[in-house]
There are 2 protein chains.
Amino acid sequence: MLNDFPLTLKKLNLKITPKRLAILEILMKESVYLSPGEVWKKMKKRFKRIGLPTVYRNLEELSEGNIISEVTHPNRQLYYYFCQNRSHHHHFICLSCRKVEDINFCGLNELEKEVTKKIKGKLLSHIMQVNGFCRHCLNKKEKYFDS
Amino acid sequence: MLNDFPLTLKKLNLKITPKRLAILEILMKESVYLSPGEVWKKMKKRFKRIGLPTVYRNLEELSEGNIISEVTHPNRQLYYYFCQNRSHHHHFICLSCRKVEDINFCGLNELEKEVTKKIKGKLLSHIMQVNGFCRHCLNKKEKYFDS
DNA sequence: TAATTAAATAGAAATAATTTTCATTTAAAT
DNA sequence: ATTTAAATGAAAATTATTTCTATTTAATTA
Ligand SMILES: [Zn+2]
Ligand SMILES: [Zn+2]
Ligand SMILES: [Zn+2]
Ligand SMILES: [Zn+2]
């Protein structure tokens, strides 16, 4: 079940709390990557008591559980994105409007080979991300880079 | 000339200051990635007056000029590395001892194709990095993750 | 259903990396 | 030597992120 969030949380041994579900729902409905602070703002509309650390913690847990993905932004701030595509893949992110698109290319096999054969080390994780302007933003006069 | 730093700086329209040269020299002699604070500590041994912002600024400029490369660390702190290899390539970084090794694989062509053909956007930059344990650290009992 | 327990949370405070500001110094062009 | 724009130091500010701890809650058990 793609968006059976309670089941998803159960599988990760995370309790099914209204706030966890809301965070997931917020990210799922959003078509762009969001910062923890932005998720928090949206959460405050739904819950009268909601702490920013709760948002940070949940986003981190969900990211660790591979439910959401972390965006590696040039400004080095945290952003998260919920992607429906459950298979291993990477992203193009628009630096202007924050849209995310899937990149159907990953050199993981080649990287694995290099690391094991040549470097003789252990690959723990890899980052691949393409930053740019999406089709729409390419045609806009003013590029905006909001943090 | 590979390490003609004055020439390198001139090409980038950066003034040839003793501190710039020292920062480059420090990074070049180091076999691991360093944080700005760590570079600063080493600079303080050479200059009695040296500000941390100067180190930050210089590292950023040198990185922009592609003289040194920024490390995308999982802890999201800044680290820099001077790599002799002047051609476009990517890195394996050891999360334990901080060693950096070149990865002779890059999907840039494929990424370009995806971005222009499928996404119809503009590729501004891309990140590819492999994080892991190097051969040496794989055999150590204790992994250490110093910030 | 009530009791139990460990996980989750709020709120306040702390942390610490990074950036900004601005007065002074310096590299390099004239 | 003079000039000028770039580079720098020191102090202060910023601000994203994390830590701490008392309280609440989800989920398990009796
Ligand atoms: Zn866009
Ligand atoms: Zn995706
Ligand atoms: Zn190592
Ligand atoms: Zn390299």
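Computed from a prediction, not measured in an experiment: that's the story for all the values here. We use all heavy atoms of the structure for the numbers below, so side chains are in, but hydrogens, waters and symmetry mates are not. Here is how names work: the chains are called A, B, and so on, in the same order as the sequence lines, proteins then strands, and each is numbered from 1.
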Verify the contact: side-chain N or O of N75(A) to OP1 or OP2 of dA16(D), cut-off strictly under 4.0 Å; return yes or no. no

Donor-acceptor contact present, side-chain R20(A) to main-chain K15(A), <3.5 Å: yes

Separation of atom CZ in F47(B) from atom P in dA10(D), rounded to whole Å: 14 Å

Looking at R135(B) and E101(B), is any side-chain nitrogen of the basic one under 4.0 Å from a carboxylate oxygen of the acidic one? no

What's the CZ-C1' distance between R46(B) and dT8(D), to the nearest Å? 18 Å

Taking the minimum atom-to-atom distance to the side chain of I50(B), which one of dG9(D), dT20(C), dT18(C) wins? dG9(D)

K48(A) NZ to dA10(C) P, in whole Å, measures 11 Å

To the nearest Å, give me how far apart CG (L34(A)) and P (dA16(D)) are. 15 Å

I'd like to know whether NZ of K10(A) has more than 12 heavy-atom contacts from other residues, nucleotides or ligands below 6.0 angstrom. no

Proximal nucleotide (of dA10(C), dT18(C), dT17(D)) relative to the P36(B) side chain: dT18(C)

Please compare R49(B) and R76(B) by the position of their nearest nucleotide in DNA chain C and report the one closer to 5'. R76(B)

N58(A) atom CG is separated from dT17(D) atom P, nearest whole Å, by 16 Å

Round to a whole Å and report the spacing from NZ of K41(B) to C1' of dA17(C). 13 Å

If you assign L14(B) and I16(A) each to the DNA chain D nucleotide with the nearest heavy atom, which residue ends up on the more 5' nucleotide? L14(B)

Please report the distance, rounded to the nearest Å, between CG in L21(B) and P in dA28(C). 9 Å

Determine yes or no for a side-chain-to-main-chain donor-acceptor pair under 3.5 angstrom, with H73(A) supplying the side chain and N75(A) the backbone. yes

To the nearest Å, how far apart are R20(A) CZ and dA8(C) P? 4 Å

Answer with base, sugar-phosphate or nothing: what part of the nucleic acid does P6(B) contact at a heavy-atom distance below 4.0 Å? nothing

Considering only side-chain heavy atoms of L78(A), which listed nucleotide, dT19(C), dT17(D), dA10(C), is closest? dT17(D)

Short side-chain N/O contact from T17(A) to OP1 or OP2 of dT9(C), under 4.0 Å: yes

5' priority, DNA chain C, between K15(B) and Y56(B) [closest heavy atom]: Y56(B)

Does R57(A) have a side-chain nitrogen or oxygen under 4.0 Å from the phosphate oxygens OP1 or OP2 of dA8(C)? no

Determine whether a donor-acceptor pair (N or O, by modelled atom type, separation under 3.5 Å) exists between the side chain of E38(A) and the backbone of S35(A). yes

